[in-house]
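In what follows, a structure is listed as structure tokens, so that the remarks can point back to it.
Order of the sequence lines fixes the chain letters, A, B, ..., with proteins taken first and strands second; residue numbering starts at 1 for each chain.
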There are 2 protein chains.
Amino acid sequence: MSTFIKESRPYQECERFDPLQMSDFQLKDSQTVASQIYKTLRERIITMQLTPGVTMSEQETANALGVSRTPVREAFIRLSREKMVIISPQRRTAVAKISTERAQQEHFLRESLEQAVLEQFVLNLRPGAIDVLEQVIELQKQALLSKDFAAFLTFDDEFHRTFYVETDKYLCYQVLRRNCFDYQRLRYLSSCSDEAIQRMNLEQHEQMVRLIKERNLADVQALLRRHVRRIFDEIKVLKERYPQFIQ
Amino acid sequence: MSTFIKESRPYQECERFDPLQMSDFQLKDSQTVASQIYKTLRERIITMQLTPGVTMSEQETANALGVSRTPVREAFIRLSREKMVIISPQRRTAVAKISTERAQQEHFLRESLEQAVLEQFVLNLRPGAIDVLEQVIELQKQALLSKDFAAFLTFDDEFHRTFYVETDKYLCYQVLRRNCFDYQRLRYLSSCSDEAIQRMNLEQHEQMVRLIKERNLADVQALLRRHVRRIFDEIKVLKERYPQFIQ
DNA sequence: TCTGCTATACTGGTATACCACATCTTTGGC
DNA sequence: GCCAAAGATGTGGTATACCAGTATAGCAGA
């Protein structure tokens, strides 16, 4: 029943989170401190700036950010609920390693949901919806040209998000975002390391738009399946390249 | 962008959570206090013992339970992340009303996922899986005979959970549980008030098992669709019966 | 009776202090 | 040199105190 990961290495050898990484953190008045810390840490974990296995202390993070432990703790609790960090009471808190088992189930969830959403999208196509997709693709092209990989992934998300927005399924999209965390990290590892993958991603998006224009539901669903499953062909490669991150 | 619900009534008229309801709460050493409070409140909200709209104070809850505000606050934060309560900073915290919009999207999520899981279940039917389903149905029958409605709903969940367990999709099941909260509350309101609905539920389960035995995927998926959509035929009735709970 | 001001009580957000417990380090015996 | 016991250190969990902002009630003036 215990939820924490037993580390074979002694704690003293565990890599620790370097608080200096947070030096550019600036507090805004418009949100609660806890919420800002949560978002910052989440972003840094997904983009692998905080790598899996790294130990994070509530106290150290609070010191580095110049706030008390309370809001930091609230942020940690949120992260642990979403399995981004593993809290071992009285022991330590660490960034969770990427679980391929988890990523596969997250993928299953995403594929099942997005197939259904895509069906609704194609069957009730709103005038102008295609334009939105094509605009996003244009932004992706520009990001690719300027080699801004982070922006490219943001627009990739935006492309898929459009299906949910247009079919009034935005809450479903949020559930997906909050629960497909290991899948996202794998995707980040994969895309950022290889420009060819991003180009293929872009081509598939363009092909999807063409098929949607033709109202070709069967083919667009098949393409989406291949599109989101791509990451699994690369898991083996990623596992060899980043064995310390993936379990 | 604001997430809190504007109440038209002055706060003084808002119904408040009666701490005496928690008088049977007993602390166990095996879990953290925060976790126990969370589970207790969650259970009471889902089973409508804590009704939508009721105001809950961190301090009052802490007093009633004989603990400090800190673990209570952590429980509240968890609940608010799952949209079970709405925290209005510096104003109040209240049990969220049931949103039909939310329930519909939760239903869409469940239907999309469970259809896919059911397909895997039927295509890779494990010997003994049918037995598990039939055992659960037997338990439901007994609960129905003894008019134990809460137990009936538990076994109903257990029936559907079996599909996820057998197909190694348990993490997907957990995502569903944690995100189909308004759907669950509607189902509770519906089932507990009408024994006929429970009988129909049971019959549909039996029919599903028969179709699964025949490996009749198309019909069992169609039946599942009708099965989980049943609740939506009743929303109008529920909305008239409990206008104060549903928005 | 109505309106607007103000004092007060109360809310949730944050800071701080303390605790039990896991781990690490030192120590003292052989 | 080894190893176990004892103390030191650090962790997350909990309790308490304080803060800024909000709602309420009561009062003052019309």
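- For A/Ser68, counting side-chain heavy atoms from C-beta on, the closest listed nucleotide (D/dT14, C/dT11, C/dA15) is C/dA15.
- Put simply, A/Arg73 has a side-chain N or O that comes within less than 4.0 Å of OP1 or OP2 on D/dG13.
- As rounded to whole Å, 20 Å separates atom P of D/dA23 from atom CD of B/Gln59.
- Taking only side-chain nitrogens and oxygens, B/Ser57 comes nearer than 4.0 Å to OP1 or OP2 of C/dT11.
- With D/dT16, D/dT14, C/dT11 as the choices, the nucleotide that has an atom nearest any side-chain atom of B/Arg69 turns out to be D/dT16.
- Aromatic rings of A/Phe149 and A/Phe152 (six-membered ring for Trp) have centroids beyond the 6.0 Å cut-off, not under it.
- Residue-to-nucleotide contacts include no donor-acceptor pair under 3.5 Å from the side chain of B/Gln90 to the base of D/dG21.
- Taken to the nearest 0.5 Å, the CZ atom of A/Arg110 stands 4.5 Å off from the NE2 atom of A/His160.
- For the pair A/Gln31 CD and C/dG13 P, the interatomic distance rounds to 13 Å; values are reported in whole Å.
- In this structure, the CZ atom of A/Phe76 is 7 Å from the P atom of D/dG12, given to the nearest Å.
- Counting atom types as modelled, A/Arg91 pairs no side-chain N or O with a base atom of D/dG10 as donor and acceptor under 3.5 Å.
- Remark: C1' of C/dT14 and CG of A/Leu65 are 14 Å apart, rounded to the nearest angstrom.
- B/Gln49 and B/Thr47 form a side-chain donor-acceptor contact under 3.5 Å, judged by distance and modelled atom types alone.
- The separation between A/Leu79 atom CG and D/dG12 atom P is 13 Å, rounded to whole Å.
- Between A/Asp168 and A/Arg126 there is no salt bridge, since no side-chain N of the basic residue sits under 4.0 Å from a carboxylate O of the acidic one.
- One finds no salt bridge joining A/Asp182 and A/Lys83 here, because no Lys/Arg side-chain nitrogen approaches an Asp/Glu carboxylate oxygen to under 4.0 Å.
- Rounded to an integer number of Å, the gap from B/Glu74 CD to C/dG13 P is 13 Å.
- Rounded to an integer number of Å, the gap from A/Glu60 CD to D/dG12 C1' is 14 Å.
- Contact annotation: B/Thr93 reaches the phosphate of C/dG12 (side-chain N/O to OP1 or OP2, under 4.0 Å).
- Distance CD (B/Glu58) to C1' (C/dT14): 12 Å, rounded to an integer number of Å.
- For the OP1/OP2 pair of C/dT14 and a distance below 4.0 Å, the side-chain nitrogens and oxygens of A/Thr70 include no atom meeting the criterion.
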